[in-house]
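Worksheet: one structure, shown below.
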Amino acid sequence: MGKLMNAKEYEESLRKLNLKVYLFGKRITNVVDDPIIRPSMNAVAATYEFAHKPEYEDIMTAKSHLTGKKINRFTHIHQSVDDLVKKSKMGRLLGSLTACCFQRCVGMDAMNALSITTHAIDAKHGTDYNQRFLKFLAYVQENDLVCDGAMTDPKGDRGLPPHKQADPDMFLHVVKEQADGIVVRGSKAHQTGAVNSHEIIVMPTMSMREEDKDYAVAFALPSDTEGITYILGRQSCDTRKLEGTTFDRGNMYYGGHEALVVFDHVFVPWERVFMYKEYDFTTQLVESFGAYHRQSYACKVGVGDVLIGAAQTVAEYNGAEKASHIKDKIVEMNHLNETLFCGCIACAAEGHQEASGTYLVDVLLANVHKQNVTRFPYEIARLAQDIAGGLMVTLPSEADFKSPEIGKWIEKYYKTKEGVCTEDRMRILRLIENITMGTAAVGYLTESMHGAGSPQAQRIMIGRLIDMKQKQKAAKFLCGIDKE
Ligand SMILES: Cc1cc2nc3c(=O)[nH]c(=O)nc-3n(C[C@H](O)[C@H](O)[C@H](O)COP(=O)(O)OP(=O)(O)OC[C@H]3O[C@@H](n4cnc5c(N)ncnc54)[C@H](O)[C@@H]3O)c2cc1C
Ligand code: SF4
């Protein structure tokens with residue numbers, strides 16, 4: 001076995017990092033124990049914890065194709081269709097156990113995409129990127145590391161390519177070439193789990209042309225490399241975590257985070273560079289990463305499981321669970337959620353082997369799945385809010401509920417039926433609030449919309465990948481226009 005870390009060891013490994021992290025205008029020196037960040041650390045720690053549970057071992061671990069050792073699936077390069085299917089199941093499992101973004105998929109998807117593209121660049125240009133990448137991968141697997149997958153640039157004026165931007169740093173780029181490596185400058189936006197990561201894997205954000213070759217760069221660095229700064233993003237209701245209360249947070253244990261990651265003249269040694277100006281391979285890297293990450297939105301199915309469970313619970317607490325329209329709405333929520341599951345299983349089941357040996361999902365089906373993800377969680381959330389009732393947004397605070405003076409009024413007036421405790425009703429409503437409009441809505445809703453590419457990105461891929469000629473041929477034959 002490599003070093004299959006447990007949750008405690010993961011936490012301790014983060015304490016050794018010297019990250020430069022800012023939140024609310026101040027530098028955070030103890031990232032691991034910061035009350036705003038801590039729930040997101042707990043969620044990544046769950047990916048370690050569940051790998052040690054016998055009942056989840058088959059889903060959460062894999063056999064390294066490099067060493068034959070047992071490794072965490074998040075560090076694995078998919079070797080079969082079965083691996084791809086298990087990846088989808090792992091996403092649902094962890095989503096259903098944490099009800100948030102557990103952050104570790106972006107790095108896994110970046111590594112799988114790089115395993116394909118480095119091999120392809122070497123085949124055309126005679127470079128040695130694949131060997132460099134495999135050395136990095138062996139290090140990640142051996143030490144069971146978390147990698148941040150950093151693709152998205154701030155992009156400045158969306159109508160202009162990188163080299164035409166008024167500020168050349170709107171896309172991360174090479175500023176200097178040295179005998180021992182390169183120096184880069186720029187930033188990556190919306191970085192999921194950035195300050196919970198040991199390594200950061202940088203990739204170009206979109207297809208590049210020759211004029212933009214300085215922007216066609218991919219590499220990996222330790223997350224505390226000199227010159228890297230993290231500026232945490234705010235989440236709706238985030239400061240509830242500072243109030244010292246418990247259930248007002250909604251999710252008592254877990255959360256996610258994103259950050260703007262700034263690279264201010266950062267040195268990358270050659271052995272960590274996996275693409276250097278080969279702009280002709282940017283499309284392949286972006287599209288394969290995109291397909292893997294669109295599959296990864298199996299996580300939303302797991303979060304949907306929790307939201308459906310919460311909606312059913314609140315219906316029961318309210319005494320409305322037998323109403324036919326409530327039953328129908330719960331069926332509809334399940335229908336939408338399981339349809340999402342069909343998509344992420346289907347793109348995995350239809351996967352294929354690339355020249356590097358890595359298995360890639362069916363790209364068309366992965367895009368169709370992600371297109372559904374941009375819609376269905378919003379409808380599931382709408383139905384959950386319908387079932388929850390208005391109290392979800394007018395509920396007094398936990399502190400008022402616990403007040404010796406006025407708590408009795410909340411207890412009295414927010415009681416529903418015999419056997420239901422008012423505090424439990426408040427707790428389940430706070431969880432629905434958390435997932436549909438609080439900190440977890442970042443992952444369940446807006447990330448479903450934009451993460452792994454905004455909806456239009458999938459529509460472009462669907463339009464390109466559909467075999468329209470075959471469809472027309474069948475139609476024309478069946479109505480007699482064509483005889484064969
Ligand atoms: C919660 C969250 C987590 C994320 N995590 C990560 C991560 O870990 N790693 C990572 O690399 N990225 C991450 N992303 C980034 C994600 O991939 C981007 O948000 C996505 O690609 C959209 O880019 P944008 O946010 O800059 O939106 P914009 O590019 O500003 O898009 C806004 C709208 O404008 C449209 N648009 C933009 N450009 C054009 C154009 N040229 N022509 C026509 N229409 C255009 C889009 O289709 C969209 O409708 C995350 C995003 C979110 C929200
Ligand atoms: S949003 Fe989902 S796929 Fe993306 S990192 Fe979080 S858990 Fe993984």
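Everything numeric here is computed off the predicted structure, so don't read it as measured data. Atoms within each ligand, like the ligands themselves, are counted from 1 in listed order.
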Smallest heavy-atom separation, I201 atom then A110 atom, equals CG2-CB, 4.1 Å
ask   = Is K86 salt-bridged to D82, cutoff N-O under 4.0 Å?
value = yes
Requested in this report: Start with the C-alpha gap between S40 and N196, add the side-chain angles, then the distance that decides, and say whether side-chain hydrogen bond (donor to acceptor under 3.5 Å, both in side chains) holds.
Outcome: CA-CA 8 Å; S40 74; N196 290 327; 3.0 Å; yes
Taking 2.8 Å as the strict upper bound, atom 8 (Fe) of ligand 2 has protein N, O or S neighbours numbering 1
Requested in this report: Please confirm whether Y10 and H198 have ring centers closer than 6.0 angstrom.
Outcome: yes
Under 4.0 Å from one or more heavy atoms of H293, ligand 2 contributes atoms 3 (S), 4 (Fe)
Here the atoms of ligand 2 under 4.0 Å from any heavy atom belonging to E447 are 1 (S), 4 (Fe)
dist Q295:CD -> L360:CG (nearest 0.5 Å) comes out at 9.0 Å
Give a table of atom pairs where an N or O of ligand 1 lies under 3.5 Å from a protein N or O.
residue	atom	partner	partner atom	Å
ligand 1	5 (N)	H190	O	2.8
ligand 1	5 (N)	T192	OG1	2.7
ligand 1	8 (O)	T192	N	3.0
ligand 1	8 (O)	T192	OG1	3.2
ligand 1	9 (N)	G149	O	3.0
ligand 1	9 (N)	Q191	OE1	3.4
ligand 1	9 (N)	Q191	NE2	3.4
ligand 1	11 (O)	M151	N	2.7
ligand 1	11 (O)	T152	N	2.8
ligand 1	11 (O)	T152	OG1	3.1
ligand 1	11 (O)	Q191	NE2	3.3
ligand 1	12 (N)	T152	OG1	2.6
ligand 1	17 (O)	T152	OG1	3.3
ligand 1	23 (O)	K155	NZ	2.9
ligand 1	25 (O)	H190	NE2	3.1
ligand 1	26 (O)	K155	NZ	2.9
ligand 1	26 (O)	R158	NH2	2.9
ligand 1	29 (O)	K155	NZ	3.2
ligand 1	29 (O)	R158	NE	3.3
ligand 1	30 (O)	R158	NE	3.0
ligand 1	30 (O)	R158	NH2	3.1
ligand 1	41 (N)	R158	O	3.0

Practice problem: Indicate, with yes or no, if the rings of H52 and Y56 have centres closer together than 6.0 Å. | Solution: no
Kindly assign one of parallel, tilted or perpendicular to the pair F133 and F136, based on the angle between their ring planes and the thresholds 30° and 60°.
-> tilted
Heavy atoms of S115 and T358 approach each other most closely as OG-OG1, 2.7 Å
Output for pair (F263 CZ, K188 NZ), nearest 0.5 Å, gives 7.5 Å
Here the pair of heavy atoms bringing V286 nearest to M151 is CA-CE, 3.8 Å
Counting from 1 in the order shown, the ligand 2 atoms closer than 4.0 Å to a non-hydrogen atom of K300 are 1 (S)
In this structure, CD1 of I59 is separated from NZ of K87 (nearest 0.5 Å) by 13.5 Å
